[in-house]
J.: 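Submitted below is the structure of interest, expressed as structure tokens.
We number each residue from 1, following the sequence as shown.
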Amino acid sequence: MVADKRRAEPSRDVLGRAPSLADTLALRLRDEISSGRLKAGERLPTEQQLAQTYGVSRPIVREAVGRLKHDGLVSSRQGSGAFVAEPGASTVFRLDIANFSDKEELRHIVELLMAVEASATEHTAARRSEADLATIRARLDAMQAAIHRGEPGVDEDVAFHRAIIDATGNPFFRDLSDFLDRRVRNFIRTARANSARLTGMAQTVQGEHEAIFEAIVARDPQAARLAAEAHLKNAAKRLAIYLES
């Protein structure tokens with residue numbers, strides 16, 4: 001009876017059901033590689049071994065390993081299996097945000113956002129055209145209209161910052177912003193939704209956006225950078241307060 005019960009219990013490594021088991025397994029294997037538990041040149045366990053270890057099907061394992069291959073972390077050798085690639089072989093940048101309630105992780109992502117958003121805002125203040133200014137103004141007004149309707153205004157918020165990015169005239173800023181937007185939208189959505197719950201907070205956030213806009217209007221790059229940095233720092237504080245409560 002005891003032996004049967006022991007066999008029925010899943011391994012502590014078995015993955016629970018998630019939106020994407022392949023993503024979860026790929027992240028787990030990526031951690032094994034980055035931590036050095038799976039070393040460069042070392043052969044990965046077979047599909048069957050990985051499936052048994054993590055309690056998933058072989059197609060899930062195949063998909064997860066395929067993602068690691070796409071990222072340059074794993075390479076195949078015909079007839080020999082999959083091997084961990086040499087350090088620095090990765091050909092793409094990844095951003096896997098596991099937990100926004102982790103203060104250290106939150107600090108890291110805010111620092112990255114500040115490096116991109118504040119710099120882009122600074123460039124826009126120096127380069128913007130009258131047409132750019134009109135677009136940014138329209139996005140700012142759209143956020144104000146959302147506040148008046150009692151809505152969080154997440155899409156309007158994203159559109160405002162995207163208009164600023166576009167006004168840099170730098171396609172690489174746009175590409176990187178698109179990448180970050182897809183991965184940190186939850187940060188924006190949660191911070192914005194929390195602001196909407198608190199009386200007067202949404203208008204405080206709008207004041208921060210207006211400060212950014214006014215610096216762009218004045219063609220003051222330094223003031224624009226500082227306003228963008230202050231906005232992101234305050235957004236992080238609002239999110240932290242929400243999570244702690």
J.: Distance check, rounded to the nearest 0.5 Å: Y54 atom OH versus I60 atom CD1?
T.: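 With rounding to 0.5 Å, OH (Y54) is 14.5 Å from CD1 (I60).
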
J.: Would you mind listing every ring pair (Phe, Tyr, Trp, His ring centres under 6.0 Å) that reaches into residues 122-150, with sequence neighbours excluded?
T.: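 Qualifying pairs: H123-F173.
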
J.: Going by atom types alone, do Q144 and E156 pair a side-chain donor with an acceptor below 3.5 Å?
T.: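 No.
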
J.: Indicate the atoms forming the closest heavy-atom contact of A125 with A215, along with that distance.
T.: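 Where A125 meets A215 most closely, the heavy atoms are CB-O, 4.2 Å.
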
J.: Ignoring hydrogens and angles, tell me if any N or O in the side chain of R139 forms a donor-acceptor pair with the backbone of A163 under 3.5 Å.
T.: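 Not a single qualifying donor-acceptor pair exists.
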
J.: So if you build clusters from Ile, Leu, Val, Met, Phe, Trp, Tyr with side-chain heavy-atom gaps below 4.5 Å, do L133 and I164 land together?
T.: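 Yes: a chain of side-chain contacts under 4.5 Å links L133 to I164.
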
J.: Do I165 and E117 have side chains that get closer than 4.5 Å, going by heavy atoms?
T.: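 Yes - at least one pair of side-chain heavy atoms lies under 4.5 Å apart.
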
J.: Can you list the residues that meet the salt bridge (Lys or Arg N to Asp or Glu O under 4.0 Å) rule with E111, with sequence neighbours excluded?
T.: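 With neighbours one apart ignored, the set is R107.
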
J.: Can you tell me if T135 uses its side chain to pair, donor with acceptor, with the backbone of A131 under 3.5 Å?
T.: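 The answer is yes, because a donor-acceptor pair under 3.5 Å joins these two groups.
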
J.: Output a table of donor-acceptor pairs, distance under 3.5 Å, between side-chain atoms of residues 226-236 and any protein atom two or more places apart or on a different chain; print 'none' if there are none.
T.:
| residue | atom | partner | partner atom | Å |
| --- | --- | --- | --- | --- |
| E229 | OE2 | R225 | NH1 | 3.3 |
| H231 | ND1 | E208 | OE1 | 2.7 |
| H231 | NE2 | H161 | NE2 | 3.4 |
| H231 | NE2 | H209 | NE2 | 3.2 |
| N234 | ND2 | E208 | OE2 | 3.0 |
| N234 | ND2 | A230 | O | 3.2 |

J.: S57 and A51: which non-hydrogen atoms are nearest, and at how many Å?
T.: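 Smallest heavy-atom distance, with atoms named: C-CB, 4.2 Å.
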
J.: Give a yes or no answer on whether the side chain of R128 reaches the backbone of A167 with a donor-acceptor pair at less than 3.5 Å.
T.: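 The answer is no, because no donor-acceptor pair under 3.5 Å joins these two groups.
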
J.: Counting only N and O atoms by type, is there a donor-acceptor contact under 3.5 Å from the side chain of S119 to the main-chain atoms of V116?
T.: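 Flag not set: sc S119 to bb V116 has no pair under 3.5 Å.
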
J.: Check A40 against A85 and note the closest heavy-atom contact, atom names and distance.
T.: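 That closest heavy-atom pairing would be CB-O, 3.7 Å.
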
J.: Quick one: pull up CD in E32 and CG in L44 and give me the separation to the nearest 0.5 Å.
T.: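 The distance works out to 10.0 Å.
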
J.: Please name the pair of heavy atoms, one in T121 and one in A224, separated by the smallest distance, quoted to 0.1 Å.
T.: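 Reported closest heavy-atom pair: CG2-O, 3.5 Å.
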
J.: Which residues satisfy the salt bridge (Lys or Arg N to Asp or Glu O under 4.0 Å) test with D31, sequence neighbours excluded?
T.: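 Not a single residue meets the salt bridge (Lys or Arg N to Asp or Glu O under 4.0 Å) criterion with D31.
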
J.: Side-chain heavy atoms under 4.5 angstrom apart, residues restricted to Ile, Leu, Val, Met, Phe, Trp, Tyr: same cluster for L50 and F83?
T.: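 No; F83 is not reachable from L50 via cluster members.
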
J.: Where do V65 and A82 come nearest, in terms of heavy atoms and distance?
T.: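 Minimum heavy-atom contact is CG1-CB, 4.3 Å.
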
J.: Salt bridge (Lys or Arg N to Asp or Glu O under 4.0 Å) with D132: which residues, sequence neighbours excluded?
T.: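 Result, salt bridge (Lys or Arg N to Asp or Glu O under 4.0 Å) vs D132: none returned.
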
J.: Would S75 and K69 satisfy side chain to side chain donor-acceptor pair (under 3.5 Å), going step by step from the backbone distance to the final call?
T.: CA-CA 6 Å; S75 61; K69 290 179 182 177; over 6 Å; no

J.: Check whether any side-chain heavy atom of L73 sits under 4.5 Å from a side-chain heavy atom of V84, and report yes or no.
T.: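 The answer is no, as the side chains (C-beta and beyond) never meet within the 4.5 Å cut-off.
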
J.: What residues form a salt bridge (Lys or Arg N to Asp or Glu O under 4.0 Å) with E47, not counting sequence neighbours?
T.: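 Testing E47 for salt bridge (Lys or Arg N to Asp or Glu O under 4.0 Å), a comparison that skips the adjacent residues, returns R58, R62.
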
J.: Please confirm whether the backbone N or O of S177 pairs with a side-chain atom of R162, one donor and one acceptor, at under 3.5 Å?
T.: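 No, because the side chain of R162 does not come within donor-acceptor range (under 3.5 Å) of the backbone of S177.
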
J.: Tell me whether E210 is salt-bridged to R137, with the criterion being a basic N under 4.0 Å from an acidic carboxylate O.
T.: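 Salt bridge absent between E210 and R137.
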
J.: With rounding to the nearest 0.5 angstrom, report the CZ to OG1 distance, R219 to T124.
T.: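 Separation between the atoms: 11.0 Å.
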
J.: Should V74 and I33 count as side-chain neighbours, where that means a heavy-atom distance under 4.5 Å?
T.: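 Of all side-chain heavy-atom pairs linking I33 with V74, at least one is under 4.5 Å.
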
J.: E214 side chain to A211 main-chain N or O, any donor-acceptor pair under 3.5 Å?
T.: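 Not at all, since once roles are kept as given, no pair shorter than 3.5 Å links the two residues.
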
J.: Looking at S80, is its backbone amide N or carbonyl O close enough to the side chain of R43 to form a donor-acceptor pair, meaning the two atoms are under 3.5 Å apart?
T.: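 Present.
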
J.: Using every non-hydrogen atom in the two residues, find where A64 and A22 come nearest and quote the distance to one decimal.
T.: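 That closest heavy-atom pairing would be CB-O, 3.5 Å.
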
